[in-house]
Amino acid sequence: MHSFGYRANALLTFAVTILALMCAMASISDNFNHPSPSAHVEVLNINWFQKQSKGNDEVSMQLNISADLQSLFTWNTKQVFVFVAAEYETPKNSLNQISLWDGIIPSREHAKFWIHTSNKYHFIDQGSNLRGKEFNLTLHWHVMPKTGKMFADKIVMSGYRLPEEYR
Amino acid sequence: MDWQGQKLAEQLMQILLLAFAVVAFATGYISGSFQMMVLIYAVGVVLTTLVTVPNWPFFNRHPLKWLDPSEAEKHPKPQEAVSAKKKPAKK
């Protein structure tokens with residue numbers, strides 16, 4: 001510690017190391033949060049249901065997505081990424097998952113919401129298996145931290161069914 | 001800085017930084033504000049820098065006692081032997 005530069009270097013290195021430890025502790029503190037989110041998705045209407053020229057089924061629907069994700073936010077949360085996916089089974093694939101809508105929740109105040117929208121992303125099948133198809137709608141969320149580990153989970157809602165015939 | 005001063009500077013630096021880190025984390029966690037933690041810690045780092053890095057007078061309270069010049073002349077430095085002066089072999 002015999003010169004200005006020596007002391008400045010030692011201080012800076014130690015300060016940054018401690019900062020890294022504080023960030024690790026902040027991330028670990030997220031494990032003490034036990035969230036209790038709730039969500040509900042309703043299919044209000046089937047806008048149209050067609051077979052494309054390429055032979056794949058496509059459906060467009062009106063969705064009402066409501067959720068209370070406030071309990072997911074901690075002091076170390078930057079934002080929550082949320083998306084709604086449709087899941088169903090076909091003879092070719094045991095599980096098909098397709099994202100219909102997503103959004104970013106920037107703060108706790110915005111985390112209790114409902115949105116009335118048609119699907120943001122196209123609901124297109126690999127083939128033409130959708131007539132009369134039963135499917136689940138799952139609401140997934142990713143809690144993105146300011147520093148450290150990201151937590152992800154979902155709520156599965158079942159009991160949805162597509163029409164028997166094209167419209 | 002003298003030796004004691006260097007030791008003091010190092011100890012002060014470590015203790016101050018750790019103390020500010022603890023206070024910063026506790027304040028941030030309790031108030032639920034990550035920004036508060038970073039702010040308090042940043043202030044702490046700047047303060048610690050101002051206290052420990054410059055060569056303040058209180059770091060020089062135990063100056064080294066150099067030998068008095070009149071005393072040094074009584075004990076002349078040993079002369080190097082002329083034959084020992086060879087060019088060092090370079091690899």
Side-chain angles (χ1 to χ4, degrees), chain A residues 1-37 68-81 104-112 142-151, chain B residues 1-69 72:
Chain A
M1 307 294 264
H2 50 71
S3 72
F4 186 98
Y6 196 114
R7 287 190 296 277
N9 179 41
L11 186 145
L12 214 64
T13 310
F14 196 51
V16 169
T17 306
I18 290 178
L19 182 67
L21 282 168
M22 287 201 300
C23 289
M25 280 179 9
S27 181
I28 289 170
S29 79
D30 275 350
N31 288 302
F32 297 119
N33 183 41
H34 304 289
S36 52
D68 180 1
L69 302 177
Q70 286 183 321
S71 58
L72 293 173
F73 279 82
T74 70
W75 71 305
N76 185 30
T77 302
K78 167 90 173 74
Q79 63 196 18
V80 171
F81 174 69
I104 288 179
I105 305 171
S107 67
R108 208 191 156 118
E109 291 72 46
H110 296 98
K112 192 167 180 181
H142 287 58
V143 182
M144 302 166 80
K146 291 196 167 95
T147 166
K149 182 170 181 270
M150 183 173 80
F151 293 83
Chain B
M1 273 190 200
D2 58 57
W3 298 116
Q4 293 285 21
Q6 289 177 32
K7 182 174 168 183
L8 179 66
E10 182 168 5
Q11 283 177 337
L12 260 180
M13 175 198 84
Q14 288 169 343
I15 289 171
L16 280 176
L17 281 179
L18 278 170
F20 270 105
V22 167
V23 168
F25 188 82
T27 311
Y29 186 71
I30 288 167
S31 69
S33 167
F34 196 88
Q35 197 171 10
M36 187 53 56
M37 175 177 90
V38 176
L39 194 74
I40 292 178
Y41 186 61
V43 165
V45 170
V46 169
L47 211 91
T48 309
T49 310
L50 290 172
V51 168
T52 61
V53 174
N55 195 5
W56 299 114
F58 67 83
F59 286 127
N60 245 317
R61 281 203 287 240
H62 305 269
L64 288 165
K65 290 200 186 75
W66 294 105
L67 201 56
D68 194 74

Greater than 12 external heavy atoms within 6.0 Å of A:K146's NZ: yes
Would you please go through residues 23-32 of chain A and name the residues with a non-hydrogen atom below 4.5 Å from one of chain B, in numerical order? A:M25, A:A26, A:S29
Pairs meeting criterion side-chain hydrogen bond (donor to acceptor under 3.5 Å, both in side chains) with involvement of residues 53-62 of chain B, two or more places apart: none
So which of A:N76, A:L12, A:L11 has the largest heavy-atom pair count under 4.5 angstrom toward chain B? A:L11
Taking distance alone, no hydrogens or angles, what donor-acceptor pairs closer than 3.5 Å link side-chain atoms of residues 41-48 of chain B to residues at least two apart or in another chain?
| from | atom 1 | to | atom 2 | distance (Å) |
| --- | --- | --- | --- | --- |
| B:Y41 | OH | A:A15 | O | 2.5 |
| B:T48 | OG1 | B:G44 | O | 2.7 |

Which donor-acceptor pairs under 3.5 Å do side chains of residues 7-36 of chain B form with protein atoms, sequence neighbours excluded?
| from | atom 1 | to | atom 2 | distance (Å) |
| --- | --- | --- | --- | --- |
| B:T27 | OG1 | B:V23 | O | 2.6 |
| B:S31 | OG | B:T27 | O | 2.8 |
| B:S33 | OG | B:M36 | N | 3.1 |

Can you tell me how far apart OH (A:Y6) and CE (B:M1) are? Round to the nearest 0.5 Å. 12.5 Å
